[in-house]
Protein chains: 2
Amino acid sequence: MNTSEDLIEKFRNRNYKITPQRLGIFKILEGNLDHPSAEDIFATIKKTYPTISFTTVYKTLDILEKMGEVLKITIDDERKHYDPNTYTHHHIICLGCNKISDVDAESVNPQLPDGILQEFTPSRYHVSFYGTCKDCLSKQ
Amino acid sequence: MNTSEDLIEKFRNRNYKITPQRLGIFKILEGNLDHPSAEDIFATIKKTYPTISFTTVYKTLDILEKMGEVLKITIDDERKHYDPNTYTHHHIICLGCNKISDVDAESVNPQLPDGILQEFTPSRYHVSFYGTCKDCLSKQ
DNA sequence: GATTAAACAATAATCATTTCAAATTGTCAA
DNA sequence: TTGACAATTTGAAATGATTATTGTTTAATC
């Protein structure tokens, strides 16, 4: 997973400018395991950078996604989430509170049947587990 | 997978009315393997039922989803898709043309690690394979 | 056929996301 | 260190998917 410094370096390599806004977003993403939505990130950065606009957040996330430095997760019906951990892994989402947690890739091992391989060339895959978390279970 | 008659029966059991519009939607879904979006379904039914409104399509799909008779698929960034095949299975999506195809469940067999099972009670899972289809591959 | 609750169509509202034009700001060379 | 320029930020407005509202119509039941 990238540190802010990694991302600064990678932005420089592509001649993208390092602005305080972008730096703030990098810091929020650094080591983040919470799978924040664009709105979450906007709300967080606004505390230290009150004038930042939503557009800037979206654009920066878009750049990061196109660079392959964050993953856009579409497991939630409501909104998209961003994940700075680009190493192959999977997710479990609680149907009660929508919290998303990580599942390591090694243990999960889905197989693609031979028939499909003649029609498609897969490049990656993602497993979404749906269920109920401990907290939501105890509330029921 | 449900036939129109199955859905009529299930609607009756819940005291939902059978209208020509709903019947039209049932027929479109019957045996459908194309994973249509709400817009696709709207466009199709409009040919035989030009006065139908978008709202009616959404509401009917919403009822069907809540009844568990169709699945709402969120694997496409752009819009949601509906799948009348509610038997556990998975999907492969072409990154070139966004076409979604089915993958049978038996062959795919993801495992959820023990550690996670103490935190979450999974109820279902879904695997999304991403790749390039034969057609798009030949175009490159 | 009359009654009534449910479903319809039309329209407006909402929500996440994108686009746009103008103002601002990093960057780099002088 | 400064100035120029292109990239970036901003705020507002647009978009596209989806949901809510509201009168009108209709399916189901008698």
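Each chain gets a letter, A, B and so on, in the order its sequence line appears, and its residues count up from 1. Source: prediction; values computed, not measured.
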Short N-O contact, Lys139(B) and Asp135(B), less than 4.0 angstrom = no
Going by an N to O cut-off under 4.0 Å, is there a salt bridge joining Lys66(A) and Asp62(A)?
-> yes
In whole Å, I'd like the distance from the [atom1] atom of [X] to the [atom2] atom of [N].
X	N	atom1	atom2	answer
Asp77(B)	dG16(D)	CG	P	16 Å
Arg14(B)	dA28(D)	CZ	P	17 Å
Asp76(A)	dA16(C)	CG	P	11 Å
Leu64(B)	dA7(C)	CG	P	12 Å
Glu65(A)	dT18(C)	CD	C1'	14 Å
Phe54(A)	dA14(D)	CZ	C1'	16 Å
Leu61(A)	dT18(C)	CG	C1'	14 Å
Lys46(A)	dT10(D)	NZ	P	10 Å

Is there a donor and acceptor pair closer than 3.5 Å between the side chain of Thr55(B) and the base of dT18(D)?
-> no
Do Thr56(B) and dA7(C) have a side chain to base donor-acceptor pair shorter than 3.5 Å?
-> no
Under 4.0 angstrom between [X] side-chain N/O and [N] OP1 or OP2:
X	N	value
Tyr58(A)	dT17(C)	yes
Arg79(A)	dT17(C)	no
Thr51(A)	dT10(D)	yes

Going through the checks in order, is the side chain to side chain donor-acceptor pair (under 3.5 Å) test met by Thr56(A) and Gln21(A)?
-> CA-CA 8 Å; Thr56(A) 303; Gln21(A) 291 91 333; 5.8 Å; no
May I ask you to say what Ser37(B) touches in the nucleic acid, namely base, sugar-phosphate or nothing, with a heavy-atom cut-off under 4.0 Å?
-> nothing
Which is true for Lys59(B) with a 4.0 Å heavy-atom rule: it touches a base, it touches only sugar-phosphate, or it touches nothing?
-> nothing
Give me the bend of the helix from dG1(C)-dC30(D) to dA30(C)-dT1(D), using the axes of the five pairs at each end, rounded to 10°.
-> 30°
The residue, Ile52(A) or Lys72(B), whose nearest nucleotide of DNA chain D is more 5′ is Ile52(A)
Comparing Tyr82(B) with Arg22(A), nearest DNA chain D nucleotide closer to 5' gives the residue Arg22(A)
Can you tell me if [X] and [Y] form a side-chain donor-acceptor pair at under 3.5 Å?
X	Y	value
His35(A)	Asp76(A)	no
Glu30(A)	Thr3(A)	no
His89(A)	Asp83(A)	yes

If the plane angle is over 60° it's perpendicular, under 30° parallel, otherwise tilted; pick one for His90(A) and His126(A).
-> tilted
Just wondering, more than 12 heavy atoms not from Lys46(B) lying within 6.0 Å of its NZ?
-> no
Determine whether more than 12 heavy atoms belonging to other residues, nucleotides or ligands lie under 6.0 Å from atom NZ of Lys72(A).
-> yes
How does protein reach along nucleotides 21-30 of chain C, written 5' to 3' as B (base within reach of a heavy atom under 4.0 Å), S (only sugar-phosphate), or - (no contact)?
-> -----BS---
Applying side-chain contact (heavy atoms from CB on, under 4.5 Å) between Phe11(B) and each of Met67(B), Glu69(B), Lys17(B), report the one that passes.
-> Met67(B)
